Amino acid sequence: MKQYIHLLSVLLMTLLLATACQSDRESVPQANTDQTENESVPVETPQSETADTTPKLQIVMQGEMSQERADYINEVLKKKGFGYAVEWICKSDLAPSDYMETLKDLKKEKRGDILFTGAGGTDEEPSYDLAIKDKLLDNMKSYLKSKEGKKLKAAFPEKIWQMTEEKGSYYGITLESEPYVNYMYVDTEVVDESTLPKKVTSGNLLSVLKQIKVKDTDKKQMISSAIMGAVGLLPADNIAFCAEKNGEKYHVSYLVDHPQIVKILKLIAKNPENYKAYEDVESLDDIAVHFTSDISVDGSEGICQNFMSEKTDLYERKTYRIGKPYLVTMRNMCWGVASWSKKKKAAYRFLTMACTDKEVANAICYGKEGDDYQLKEGRVMSKNTEGIRGSLPYNMWITYPMYAEPKDKEKTFRKMTEKADVVPAEVVYAKLDARTEIKMEEILQKYSGLWCGKYKNVDKTLKQMREEMEKAGLDKALQEANKALK
């Protein structure tokens, strides 16, 4: 009888343990069904206690992520019922080639679920292409056809997706492509408005510059190589190249070979008292007229990011939009899912949330309202970037507008993208070796006074400048740039 009672006790205990184990299994969130048994090794950045008790999704970035921002992002994701905490594998201060090698090492270690492909370099194959070649990125084609994937596909215009299309497939998305427009800004407080035109075009630009009258003699006009956009040229790099479009073809040339640029330089030389050199400008408060190329706005608002200003009405300056918007193809700076990840379902879900959910995007971009940024009438007027560096995975066009960005950024972005010319990346990023680039920068700096009237004989100065550029490798660089476009 005792043996029977003992056996019955054992059976009851076994049944209770089995029931408890089943209960534990049922308590696991549905969102974690693609979690593997082997959790990822903790990364460089320490995680909060909350994150340590939650399944991890690792994001590899080229830069820095503060612990405070990481914690807040996880708070928002938890509130959304995401089911994972994000860990950031931060790789900063690496050359493009070194960063790509780091991604290969992470593949061997099976670490990382979402990858930033890297900023790339002008003398290297685009990082996105290298990542595809090295089989670092998962093919997104099937996901983008799913119900959830269609939301991600719809988050960006087709022209954006075309940038990362590869033989009918997509391995990532560029989150930093935006249409640019050329602008002329005028401070109407110091400029005689009767001398201002109704419209500025590439054709009437020179006559506009001749007729503008600045009432305050302390205020100057600032004209630098940024004016190339107003002339109808596209920037071909940060050195001395520009590009022109003839039909559907682009051609790269030397900026100061362009007749319209030469005429403008001669106008400046005749009236040097009206102009101030770019490098001598500390604040736009001292400038009456200036040119720049900014992200697309609707023509009534503009962004002046080059210089600081104490004037609250800086962004209320009269804005002239000149020429068509243009969109530069981006085969660097892309985000995708790691080909080796065992959590691809969660990784794609995160990318979709970051590109379609405004609260998630704002948390990644700006942090926590009140602590990291301040809102005024729906705009971000201050932003804490301490401990944050590099590209982050979010859709910039669904975040709060910052400073003078258009109130409806997404609507404006789509509208301008539809109108934009898509410019091959080779046009904007000419292939220069480092030594040639340094030499050209030195020559441009030497003759920077051309833009503020320090040289009276413009033709003689330009001839001398070009001779020095040719010795530095100008012609070879032009040949390489145009060869890349064929």
Side-chain angles (χ1 to χ4, degrees), residues 40 43-45 47 51 56-67 69-78 80 82-92 99 102-103 106 111-120 127-128 131 136-138 140 143-144 148-149 151-156 160-161 163-164 170-178 330-339 341 343-367 372 383 385 387-400 409-410 413:
S40 302
V43 297
E44 294 89 332
T45 307
Q47 301 295 314
K56 311 297 190 301
L57 189 73
Q58 295 182 325
I59 299 180
V60 184
M61 66 176 290
Q62 190 177 16
E64 298 176 1
M65 167 62 68
S66 72
Q67 184 61 61
R69 180 72 59 86
D71 287 343
Y72 181 65
I73 292 169
N74 282 329
E75 283 181 29
V76 173
L77 291 174
K78 184 177 181 181
K80 298 281 182 178
F82 180 53
Y84 283 80
V86 168
E87 282 186 341
W88 300 84
I89 300 179
C90 300
K91 301 295 182 181
S92 59
Y99 179 75
T102 298
L103 294 182
L106 289 170
R111 297 174 61 209
D113 301 293
I114 296 173
L115 309 179
F116 176 64
T117 63
S127 61
Y128 177 69
L136 302 179
L137 298 171
D138 187 56
M140 303 173 72
Y143 174 74
L144 293 175
E148 192 176 61
K151 295 178 183 178
L152 176 59
K153 191 73 161 58
F156 302 96
I160 299 296
W161 283 104
M163 295 184 187
T164 54
Y170 304 94
Y171 295 84
I173 177 68
T174 171
L175 299 179
E176 301 197 27
S177 288
E178 51 204 356
M330 293 288 287
R331 300 285 284 192
N332 290 313
M333 306 179 77
C334 299
W335 290 88
V337 173
S339 60
S341 173
K343 304 173 186 176
K344 290 175 183 170
K345 182 179 177 181
Y348 279 122
R349 194 183 314 129
F350 173 86
L351 280 179
T352 301
M353 290 176 70
C355 292
T356 60
D357 189 306
K358 292 184 179 182
E359 187 176 0
V360 175
N362 279 314
I364 299 171
C365 175
Y366 295 124
D372 297 312
K383 178 182 176 183
T385 57
I388 310 292
R389 186 160 59 88
S391 297
L392 296 174
Y394 66 89
N395 181 356
M396 69 175 78
W397 292 98
I398 63 172
T399 58
Y400 289 122
K409 293 201 297 184
E410 185 175 16
F413 167 64

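If you're wondering where the values come from, they're calculated on a predicted model, not measured in any experiment. Side chains included, hydrogens not; waters and symmetry mates left out as well; all remaining heavy atoms used.
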Are Cys365 and Lys383 close enough that some pair of their side-chain heavy atoms sits under 4.5 Å apart?
yes
side-chain contact (heavy atoms from CB on, under 4.5 Å) with Asn362: which residues, sequence neighbours excluded?
Lys358, Tyr366, Thr399, Tyr400
With sequence neighbours left out, the residues meeting ring pair (Phe, Tyr, Trp, His ring centres under 6.0 Å) with Tyr170 are Trp161
Taking C-beta and beyond as the side chain, do Leu115 and Tyr171 meet within less than 4.5 Å on heavy atoms?
no
Can you check whether Gly387's main-chain N or O pairs, donor with acceptor, with Ser66's side chain at less than 3.5 Å?
no
Quick check for you: to the nearest 0.5 Å, what is the distance between Thr102 atom OG1 and Arg111 atom CZ?
10.5 Å
Smallest separation among heavy atoms of Ala346 and Phe82, with atom names:
O-CZ, 3.5 Å
For Met396, side-chain contact (heavy atoms from CB on, under 4.5 Å) partners two or more places apart:
Glu176, Glu178, Tyr394
As an exercise, state the distance from CE of Met65 to CG of Asp71, rounded to the nearest 0.5 Å.
10.5 Å
Partners meeting salt bridge (charged side-chain N to carboxylate O under 4.0 Å, His left out) with Asp372 (sequence neighbours left out)
none
All side chain to side chain donor-acceptor pair (under 3.5 Å) counterparts of Thr174, not counting sequence neighbours
Ser177
For Arg69, what residues pass the salt bridge (charged side-chain N to carboxylate O under 4.0 Å, His left out) criterion, not counting sequence neighbours?
none
Tell me, please, which residues at least two apart from Glu410 pass salt bridge (charged side-chain N to carboxylate O under 4.0 Å, His left out).
Arg414
List for me each residue that meets ring pair (Phe, Tyr, Trp, His ring centres under 6.0 Å) alongside Phe116, sequence neighbours excluded, and say none if there are none.
Trp335
Can you give me the closest heavy-atom contact between Gly112 and Ala338, atom names plus distance?
O-CB, 3.5 Å
With rounding to the nearest 0.5 angstrom, report the CD1 to CD1 distance, Ile59 to Ile114.
4.5 Å
Heavy-atom closest pair, residues Tyr72 and Gly367
CE2-O, 3.2 Å
Look up atom CG in Leu57 and atom CG in Leu77, then write down how far apart they are to the nearest 0.5 Å.
9.0 Å
What closest approach, in Å, do Cys334 and Thr164 show between heavy atoms, and which atom pair accounts for it?
SG-CG2, 3.8 Å
Less than 4.5 Å apart, any side-chain heavy atom of Phe413 and any of Ile160?
yes
side-chain contact (heavy atoms from CB on, under 4.5 Å) evaluation trace for Tyr84 with Val86
CA-CA 6 Å; Tyr84 283 80; Val86 168; over 6 Å; no
Within-4.5 Å side-chain heavy-atom neighbours: Pro393 and Phe350
yes
Check whether any side-chain N or O of Lys343 sits under 3.5 Å from a backbone N or O of Gln58 as a donor-acceptor pair, and report yes or no.
no
Quick one: salt bridge (charged side-chain N to carboxylate O under 4.0 Å, His left out) partners of Lys151, sequence neighbours excluded?
none
Indicate yes or no for a side-chain donor-acceptor contact from Lys344 to the backbone of Ser339 under 3.5 Å, with no hydrogens or angles considered.
yes
If you look at every heavy atom in Ala363 and Ile73, which pair is closest and at what distance?
O-CG1, 3.9 Å
Atom of Leu103, atom of Thr117 and distance for their closest heavy-atom approach:
CD1-O, 4.2 Å
I want to check something: taking the side chain as every heavy atom from C-beta on, are Leu175 and Cys355 in contact at a cut-off of under 4.5 Å?
yes
Counterpart residues, side chain to side chain donor-acceptor pair (under 3.5 Å), relative to Thr352 (two or more places apart)
Tyr143
Residue set satisfying side-chain contact (heavy atoms from CB on, under 4.5 Å) with Ser92, at least two apart, ordered chain then number -> Glu64, Arg389
Straight-line distance of Lys91 NZ to Ile89 CD1, nearest 0.5 Å
7.0 Å
Apply side-chain contact (heavy atoms from CB on, under 4.5 Å) to the pair Tyr348 and Met140, showing each step before the final yes or no.
CA-CA 9 Å; Tyr348 279 122; Met140 303 173 72; 3.5 Å; yes
In chain order, what residues pass the side chain to side chain donor-acceptor pair (under 3.5 Å) check against Ser341, with sequence neighbours excluded?
Asp113
Reported CZ-to-CG distance for the pair Arg349 and Leu152, which is rounded to 0.5 angstrom
13.5 Å
